[in-house]
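Let me begin by presenting the structure, written as structure tokens, before commenting on it.
Counting starts at 1 for both ligands and their atoms, following the listed order.
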Amino acid sequence: MKPKLALLTGAGMSAESGFSTFRDKGGLWETHPVEQVATPEGWRADPELVNNFYNGLRRQLVDAAPNAGHRLLAEMERDYEMTIITQNVDDLHERAGSTHVIHLHGELMKACSSTDPADPRHIVTLPLDHLDIRPGERAGDGSLLRPFIVWFGEPVPLIGTAAEVVSAADALIVIGTSLAVYPAAGLIHAARPDVPIFLIDPNEVGTPRDRHVHVIRDVASRGVATLIEALRQQPSLHSS
Ligand code: APR
């Protein structure tokens with residue numbers, strides 16, 4: 001049996017693909033106020049402004065490509081049973097070839113009902129020839145079509161599934177997240193006490209005091225290469 005790895009990725013994972021992170025200097029929340037573009041209140045105040053923000057990100061995404069970090073994680077499926085829990089709304093893990101990806105905070109390429117964003121009957125993937133959500137465009141239930149993004153103050157429907165994945169894992173790997181946003185940041189506590197935790201980030205990230213975390217202080221692409229070597233040194237992570 002292949003060892004099970006749970007990965008928690010954040011904006012830093014996609015930084016080398018040209019995406020700004022949120023909280024670094026010059027990050028997205030510095031130029032676009034969170035309250036305006038990432039809350040239900042912001043949506044109600046100005047849906048067109050919110051749609052335009054995500055339309056812009058979506059256009060950037062179709063022109064972007066997975067980086068070496070995404071590709072190495074996809075290749076690791078040869079040796080490990082991998083589940084990637086990502087806070088990212090991009091589809092770069094999938095485009096790199098990863099097959100088990102849980103999007104905690106939604107997906108940029110999708111749109112949904114603004115009455116019930118989680119209603120699967122009204123979640124649609126935007127085709128390449130219709131990338132923008134246009135003013136007044138409606139979902140299947142007649143409500144305004146909105147980006148399929150989990151905004152601040154909204155429930156995170158997949159958090160339970162993600163916690164189960166982490167608690168079943170033989171190792172937890174955290175890449176490119178400031179661990180500032182809950183409930184995603186709390187997933188680290190779902191790891192069993194005996195499993196190793198690795199963290200890849202070029203900057204210092206606060207981690208729980210009661211857990212030993214192997215820190216790889218590097219960007220995602222080089223960091224994942226280092227991680228692969230480090231995992232090979234872990235006797236608990238060899239196939240049985
Ligand atoms: N490789 C790896 N990590 C990087 C890189 C890189 N090339 N560049 C920056 N980082 C790190 C930063 O040091 C920081 O710790 O990525 C992290 C990015 O943190 P945030 O900007 O806070 O992004 P994230 O943790 O993903 O945010 C969580 O907050 O705003 C919401 O919904 C949004 O999903 C997002 C959530």
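For atom 28 (C) of ligand 1, the nearest non-hydrogen atom from the set Met13, Gln87, Arg222 belongs to Gln87. Nearest to atom 31 (C) of ligand 1 by heavy-atom distance, out of Arg23, His105, His103, is Arg23. The nearest non-hydrogen atom to atom 18 (C) of ligand 1, considering only Gly176, Ala38, Gly10, comes from Gly176.
For ligand 1, the atoms lying closer than 4.0 Å to a non-hydrogen atom of Phe152 are 30 (O), 31 (C). Remark: ligand 1 atoms within the under-4.0 Å shell around heavy atoms of Asn203 are 12 (C), 13 (O).
Checking only distances, Ser178 does come within under 3.5 Å of ligand 1, N or O to N or O. Distances between N or O atoms of Ala220 and those of ligand 1 include at least one value under 3.5 Å.
Using cut-offs of 30° and 60° on the angle between ring planes, the pair His93 and His70 is perpendicular.
Nearest non-hydrogen protein atom to atom 6 (C) of ligand 1 is Gly12 O, 3.3 Å. In this structure, atom 8 (N) of ligand 1 lies nearest to the protein heavy atom Ala15 CB, 3.8 Å. The protein non-hydrogen atom at the shortest distance from atom 15 (O) of ligand 1 is Asp201 OD2, 2.8 Å. For atom 26 (O) of ligand 1, the nearest non-hydrogen atom of the protein is Ala11 N, 2.8 Å. What sits closest to atom 30 (O) of ligand 1 on the protein, heavy atoms only, is Trp29 NE1, 2.7 Å. From the protein, the heavy atom lying nearest to atom 9 (C) of ligand 1 is Asp24 OD2, 3.5 Å. For atom 35 (C) of ligand 1, the closest non-hydrogen atom of the protein is Phe22 CE1, 3.5 Å.
Looking only at atom types and distance, the side chain of Gln87 has no donor-acceptor partner in the side chain of Thr9 under 3.5 Å away. In this structure, a donor-acceptor pair under 3.5 Å is present between the side chains of Asn67 and Ser17. Between the side chains of Glu94 and His103, a donor-acceptor pair is found at a separation under 3.5 Å.
By the neighbour-count criterion of 12 heavy atoms within 6.0 Å, atom CD of Glu204 is sparsely surrounded, having that number or fewer from other residues, nucleotides or ligands. Environment of NE2 in His214: crowded, with over 12 heavy atoms of neighbouring residues, nucleotides or ligands closer than 6.0 Å.
Between Ile102 and Val165, the closest side-chain pair of non-hydrogen atoms falls below 4.5 Å.
Using a 4.0 Å cut-off between heavy atoms, Thr177 contacts ligand 1 through both its backbone and its side chain.
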In sequence, state the C-alpha distance, the side-chain angles, and the governing distance for Asp119 and Ser113, and then conclude on side chain to side chain donor-acceptor pair (under 3.5 Å).
-> CA-CA 7 Å; Asp119 185 340; Ser113 151; over 6 Å; no
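Under the 4.0 angstrom criterion for non-hydrogen atoms, Pro202 is in contact with ligand 1.
Side chain of Thr21 to main chain of Gly27: no donor-acceptor pair is present (N/O by atom type, distance under 3.5 Å, no hydrogens or angles). The closest donor-acceptor contact from the side chain of Glu137 to the backbone of Arg134 lies under 3.5 Å.
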